[in-house]
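All heavy atoms count here, side chains included; hydrogens, waters and symmetry mates do not. Naming convention: chains lettered A, B, ... in sequence-line order (proteins, then strands); numbering from 1 in each chain.
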Number of protein chains: 2
Amino acid sequence: MSESAIRRLSLYLRALEEMGDDGEEIVSSRLLAERVGTTGPQVRKDLSLFGSFGTRGLGYAVRPLRVRLRDILGLSRRWSVALVGAGRIGAALVAYPSFRERGFEIVTILDNDPEKIGTRWNGIAIGPVERMEEAFRRNPAEVAILAVPAEAAQDAADALVRVGVRGIMNLAPVRLRVPEGVAVKHVDMAVELESLSFALRHLVR
Amino acid sequence: MSESAIRRLSLYLRALEEMGDDGEEIVSSRLLAERVGTTGPQVRKDLSLFGSFGTRGLGYAVRPLRVRLRDILGLSRRWSVALVGAGRIGAALVAYPSFRERGFEIVTILDNDPEKIGTRWNGIAIGPVERMEEAFRRNPAEVAILAVPAEAAQDAADALVRVGVRGIMNLAPVRLRVPEGVAVKHVDMAVELESLSFALRHLVR
DNA sequence: CTTCTCTTGTGAATGATTTCACAAGGATTC
DNA sequence: GAATCCTTGTGAAATCATTCACAAGAGAAG
């Protein structure tokens, strides 16, 4: 069950959601593949990892497959999210509507800037990072979004693990070390830009 | 030359830059690997794709390797960047200092909100998206950062390709279709969160 | 100058992922 | 209800990536 297969499931789900709005009832692996930029066999292999949801000769029923994918991805439940770091990136994320739509609800926001502490974002009062434990006692969260400067990221991650966070989406340009049983996803803009730069080196001039 | 190898190079470079500041002259593949969360042999294989930069029995000289990696990744030149979409995500990116440090210089900012057009960010006046061609004639860019809503992303990407952009870093939750010869990197928060959710499904409760 | 220690660079082996090819089996038509 | 048309589901093959194992070679020590 590879990481990349899972990410494709997420893309399939998105495509199915866009389709549903257009009223399509049935979709073939080839069509789904086209929307996502992969191949029919790939789609079928990915789905077959979790069962057989299609009907031969016809394709996949959009709505049921959508439900099934949401279920597989763990999106049929609510996840409570703590946002650590109320800088510009944090601000962008709080405003990102997909989070809530997908069942990720920000319940706690922490920062260490005295200017910000006490102000409200989306109705949530920003608390001091040092009081993480207290904040989690009031509003526990399974997931954290880490949007602090690189230097502060590892300490914040350690603290998050201590208060029981099981998944971290890290936006700081640092590779976090976390114990077994805690999942981390890195969204690393610098790495992305640099790999773009590498690709360009061979395309430009 | 796999995508993942390139991304690791970027991580090695970052580690080397952090080291250099601490005055370390020589680093072994094992040590570098540790900082990046991979293995010695992996580091050596990755580097050997581009030549042999180490000395046996000793390791790699930090500074020269750093220079070499920057070169390989295409970071030893300046890249002009156009930012399309001056929302919250755009704001976060403009303020992100690593961009400039890495040689990516934002020279143009475009949006379609009349409220924003004309205001200045970091000294750059925000122009209207419809006048992209004009903006590019004044300030050409090889790279674009696309931070617009999903619905607008494909059109914006098409326009960017028309005015000569060769690399797009896309932050909208859409898979862009671009012609051969244009590189795209997707930073897809939703996919990331959902794959985190999948991992958690098996870790929590 | 020989020996010992260390770490690179790399072919070979292993493991993972993707692609292929096709049998299985619904739906539709005549 | 047989024949035809489709598209799935899936082993097998091919490709791609990582790990392993070790010869090659640099430096240090005696």
Margin query: The test is side-chain contact (heavy atoms from CB on, under 4.5 Å); show your working for A:Ile126 and A:Leu110 and say whether it passes.
Written below: CA-CA 5 Å; A:Ile126 299 177; A:Leu110 303 173; 5.9 Å; no
Check: Is any side-chain nitrogen or oxygen of A:Gln42 closer than 4.0 Å to OP1 or OP2 of C:dT19?
Finding: yes
Next item on the list: Give a yes or no on this: more than 12 heavy atoms of other residues, nucleotides or ligands lie within 6.0 Å of atom CZ of B:Arg88.
Entry: no
Checklist line | Salt bridge B:Asp188-A:Arg14, side-chain N to carboxylate O under 4.0 Å | finding: yes
Check: What orientation do A:Phe50 and B:Phe198 show, parallel under 30°, tilted 30 to 60°, or perpendicular over 60°?
Finding: perpendicular
Next item on the list: Quickly work out the A:Glu25 CD to D:dT7 C1' distance and round it to whole Å.
Entry: 18 Å
Note to self: Among residues 55-62 of chain A, which ones have heavy-atom contacts with DNA chain C below 4.0 Å?
What the structure shows: A:Arg56, A:Gly57
Check: Would B:Arg44 and B:Thr39 satisfy side-chain contact (heavy atoms from CB on, under 4.5 Å), going step by step from the backbone distance to the final call?
Finding: CA-CA 9 Å; B:Arg44 299 202 296 277; B:Thr39 67; over 6 Å; no
Notebook entry, point to check: Checking side-chain contact (heavy atoms from CB on, under 4.5 Å) for the pair B:Ser197/A:Phe104: CA distance, chi angles, key distance, verdict?
Noted result: CA-CA 9 Å; B:Ser197 164; A:Phe104 295 91; 3.7 Å; yes
Check: Whole-Å distance between C:dG26 C1' and A:Ile26 CD1?
Finding: 12 Å
Checklist line | Contact residues, residues 44-52 of chain A to DNA chain C [heavy atom, < 4.0 Å] | finding: A:Arg44, A:Lys45
Margin query: Strictly below 4.0 Å: does B:Thr39 bring a side-chain N or O up to OP1 or OP2 of D:dT19?
Written below: yes
Checklist line | side-chain contact (heavy atoms from CB on, under 4.5 Å) assessment of A:Leu9 paired with A:Ile72 | finding: CA-CA 9 Å; A:Leu9 291 190; A:Ile72 290 167; 3.9 Å; yes
Next item on the list: Only one of B:Leu32, B:Leu31, B:Leu47 passes side-chain contact (heavy atoms from CB on, under 4.5 Å) with B:Tyr60; say which it is.
Entry: B:Leu47
Next item on the list: Taking all non-hydrogen atoms of both residues into account, name the closest pair between B:Ala15 and B:Val36 and its distance.
Entry: CB-CG2, 4.1 Å
Item checked: Atom pair distance, as rounded to whole Å: CG in B:Leu31 and C1' in C:dT8 -> 15 Å
Next item on the list: Find the distance B:Arg8:CZ to D:dT19:P and express it as a whole number of Å.
Entry: 8 Å
Margin query: I need the CZ-C1' distance between B:Arg7 and D:dA17, as an integer number of Å.
Written below: 15 Å
Margin query: If I take atom CZ in residue B:Arg30 and atom C1' in nucleotide D:dA21, what distance separates them, rounded to the nearest angstrom?
Written below: 17 Å
Notebook entry, point to check: Given atom CD of A:Glu3 and atom P of C:dT18, what is their separation to the nearest angstrom?
Noted result: 11 Å
Next item on the list: Report yes if a side-chain nitrogen or oxygen of B:Ser29 is closer than 4.0 Å to either non-bridging phosphate oxygen (OP1 or OP2) of C:dT7; otherwise report no.
Entry: no
